[in-house]
2 protein chains.
Amino acid sequence: MNTTIYDVAHEAGVSMATVSRVVNGNPNVKPATRKKVLDAIERLGYRPNAVARGLASKKTTTVGVIIPDISSIFFAELARGIEDIATMYKYNIILCNSDQNKDKEIHLINTLLEKQVDGILFMGGEITDEHAEQFKLSPVPVVLAATLDEKGEIPSVNIDYQQAAFDAVTALIEKGHQRVGMVSGSLEDPVNGYQKFSGYRKAHENAEIEFDETLVAIGDYSYHAGMDAAKSLNKQENPPTAVFAATDEMALGVIHGFQDEGIKVPEDVEVVGFDNTRLATMVRPTLTTVVQPMYDIGAVSMRLLTKFMNKEEVDDQIVVLPHRIEYRQSTK
Amino acid sequence: MNTTIYDVAHEAGVSMATVSRVVNGNPNVKPATRKKVLDAIERLGYRPNAVARGLASKKTTTVGVIIPDISSIFFAELARGIEDIATMYKYNIILCNSDQNKDKEIHLINTLLEKQVDGILFMGGEITDEHAEQFKLSPVPVVLAATLDEKGEIPSVNIDYQQAAFDAVTALIEKGHQRVGMVSGSLEDPVNGYQKFSGYRKAHENAEIEFDETLVAIGDYSYHAGMDAAKSLNKQENPPTAVFAATDEMALGVIHGFQDEGIKVPEDVEVVGFDNTRLATMVRPTLTTVVQPMYDIGAVSMRLLTKFMNKEEVDDQIVVLPHRIEYRQSTK
DNA sequence: GTGAAAGCGCTAACAT
DNA sequence: ATGTTAGCGCTTTCAC
């Protein structure tokens, strides 16, 4: 059997309470007593049991993180931001992949709550009423990262995706492009689909260019979806001279798709991606892209969650981080 | 206050023990009783407290995962394999980044043990005596993933890195290359440095080609390290006609480094990478590389850990997965 | 098939 | 500054 606080108390000739005080850094312990206890701990190789502590104190210093897919370069970067800040505030993370599957998501929320996490960081696609319901019922705070709650009821950290897409497409239009294509995510996806597509449309409205739906392809965020989109876009009688892709990975696919057809990037067609993942600098031509600060979104959302967990005052629970466009070789 | 098993027992008019049986799927409950309990649970919105259960049962159904950097495309893929199998066996994962820093690693092991994880999955660089000591003292099983224990005492899942490197370099030599360069990791890194470098040397010995240290560059696994290596390799009076890089990311850097100097890949120099990360197909030319089944290493190591946690019989605790070379456009 | 009761290892009043 | 004690919510014998 493992050594317990009781054993230490006995060994040091003090009470359990005193040992607990020492272990938890409570200042109300005489230095001499503290030393006795520390020595006993050392001698016995005592290691506090966080589960027992969690039961008694109703705090686990553990937060649940629900993420669509940790193997995605995008989410992996976000997760790192989350974990770094969590570590800074002495929390551990229980990491769960949801594959953006609603049933899994709901199930995971409940599992995490059973495990008595002190808070939940959620990344996903659509926040349905059922999600909202679960979050409302949650006894611990929930923060969304890179995930939109249309109703604006759940604390979240994002950039303004629509504005970012608007900016990127407008920049293309201002360079003289009349036919700007888009490779979008599913329009049911609030962030990578709907928001970015809306930005694309608004940029056209704003420039008074008529919207041409043949210029829009829908992809599943994969490299291959980008390649396919480029090829089909290029087959048209009047192909686009610039393409805005909803993710970097699709943008790479678009570039290579065009290149495979003998089309030169950026000479014949300019390409702009979204996210600024590490991929963007690891291709030729390097990718012009909308910078979404993934690490920061993770870090800021975790920081926000710690504030809620500490019951600190929070002035604004819907945080919108700035974005910008990083110009590289895939545009002229 | 949250509803407890006691409340449910009261509501259903049975004892706590019976509720516990129902919740845990114990068959020794009359169907009628079970229904009463289930109804009460439903009515009260009861959610079992896993922390209390963990304290009473001494099992948390949680495993600790120590990983150098989740934002690395390589480890992220591994992590996904780990998580999928963990989920399959009803475990959750506490994910910790170590940055391959020894002190952090040791500290994390202790934190995880305090949290009473049922097992630990460790990914890192060198396994020092201190690591070995910690693992030996651990009350729960430990498995290494993509990490070598030279002493062969700790269960682990890997491929044969040296053989894989040998195969890759030998293939290059057999194509007629007399001057094969290498971009290695630090030789203090057992896997990406020492093992792969040894394979490189052995391939030369085997082919009776004298080893030329000017052909070897050391990189930090980054894209830029690969670029720099290519440039310095190319500055030599007698540059290599083929290069083997210890990781895909460095291989990409090598390719682009050469391209930037006007050297053609694969015409002027052939390049082989290592890992087969998703990057390998997202560049032009696509990358010939040694396939390391990252997802599988994660999955198999987690499966192995579950066997230890269940005290199942394990025939071989040092598992070596097969590797192969995937030929793409960066070689002729 | 069900219940009673003793912990699991710790924290947090409350006393002293 | 330190000790006493009552839980925290559950599992697990052991009875019946």
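Each chain gets a letter, A, B and so on, in the order the sequences are listed, and its residues count up from 1.
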### Query
Over its full length, what angle do the end axes of the helix from C/dG1-D/dC16 to C/dT16-D/dA1 make, each axis taken from five pairs and the result rounded to 10 degrees?
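Between the axes fitted at each end of the helix from C/dG1-D/dC16 to C/dT16-D/dA1 lies an angle of 30°.
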Separation of [N] [atom2] from [X] [atom1] (nearest whole Å):
| X | N | atom1 | atom2 | result |
| --- | --- | --- | --- | --- |
| A/Met16 | D/dA6 | CE | C1' | 11 Å |
| B/Asn28 | D/dT12 | CG | P | 14 Å |
| B/Lys36 | C/dT2 | NZ | P | 8 Å |
| B/Lys59 | D/dT11 | NZ | P | 14 Å |
| A/Lys35 | D/dT2 | NZ | P | 15 Å |
| B/Asn26 | D/dC10 | CG | C1' | 15 Å |
| B/Tyr6 | D/dC8 | OH | C1' | 15 Å |
| B/His10 | D/dG9 | NE2 | P | 16 Å |

Is [X] atom [atom1] crowded by more than 12 heavy atoms from other residues, nucleotides or ligands, each under 6.0 Å away?
| X | atom1 | answer |
| --- | --- | --- |
| B/Glu188 | CD | no |
| A/Glu42 | CD | no |
| A/Tyr194 | OH | no |

If you check every side-chain atom of [X], which of [options] has the closest atom?
| X | options | answer |
| --- | --- | --- |
| B/Leu55 | C/dT11, C/dC8, D/dC10 | C/dC8 |
| A/Asn24 | D/dT2, D/dT11, C/dT11 | C/dT11 |
| B/Ala17 | C/dC10, D/dT12, C/dG1 | D/dT12 |
| B/Ala56 | D/dA1, D/dT11, C/dT11 | D/dT11 |
| A/Ser20 | D/dA1, D/dT11, C/dT11 | C/dT11 |

### Query
With B/Val320, which residues qualify under side-chain contact (heavy atoms from CB on, under 4.5 Å), at least two apart?
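By the side-chain contact (heavy atoms from CB on, under 4.5 Å) rule, B/Val320 matches B/Asp160.
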### Query
For DNA chain D, whose closest nucleotide is more 5', that of B/Ile5 or that of A/Thr33?
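Its nearest nucleotide lies further toward 5', so the answer is A/Thr33.
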### Query
Starting at the 5' end of DNA chain D and moving along, which residue's nearest nucleotide shows up first, B/Ser57 or A/Pro27?
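Counting from the 5' end, the first nearest nucleotide belongs to A/Pro27.
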### Message
Under 4.0 Å from OP1 or OP2 of D/dG9: is there any side-chain N or O of B/Thr4 that close?
### Response
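So the side-chain polar atoms of B/Thr4 never come under 4.0 Å of the phosphate oxygens OP1 or OP2 of D/dG9.
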### Query
Think B/Lys58 has a side-chain N or O under 4.0 angstrom from the OP1 or OP2 of D/dC10?
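For B/Lys58, the contact criterion (side-chain N or O under 4.0 Å from OP1 or OP2 of D/dC10) is not met.
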### Task
Look at the side chain of A/Arg21 against the base of D/dG3 and say whether a donor-acceptor pair falls under 3.5 Å; ignore hydrogens and angles.
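Such a pair exists between side chain and base.
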### Query
Can the ring centroids of B/Phe122 and B/Phe135 be said to lie less than 6.0 angstrom from one another?
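Judged by ring-centre distance (under 6.0 Å), B/Phe122 and B/Phe135 do meet the cut-off.
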Under 3.5 Å donor-acceptor, [X] side chain and [Y] backbone:
| X | Y | result |
| --- | --- | --- |
| B/Thr147 | B/Ala145 | yes |
| A/Asn97 | A/Asp99 | no |
| A/Asp7 | A/Thr4 | yes |
| B/Asp118 | B/Thr61 | yes |

### Query
Just checking B/Val14: base, sugar-phosphate only, or nothing, at a heavy-atom cut-off of under 4.0 Å?
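Sugar-phosphate only.
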### Task
Please work out if A/Thr18 contacts a base, only the sugar-phosphate, or nothing of the nucleic acid, heavy-atom cut-off 4.0 Å.
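Contact class for A/Thr18: sugar-phosphate only.
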### Query
For DNA chain D, which residues in residues 39-52 of chain B have a heavy atom at a distance below 4.0 Å?
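Contacts with DNA chain D under 4.0 Å: B/Tyr46, B/Pro48, B/Asn49, B/Ala52.
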### Message
Among A/Ile93, A/Val143, A/Leu304, which residue satisfies the side-chain contact (heavy atoms from CB on, under 4.5 Å) criterion with A/Leu121?
### Response
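Of the listed residues A/Ile93, A/Val143, A/Leu304, the side-chain contact (heavy atoms from CB on, under 4.5 Å) partner of A/Leu121 is A/Val143.
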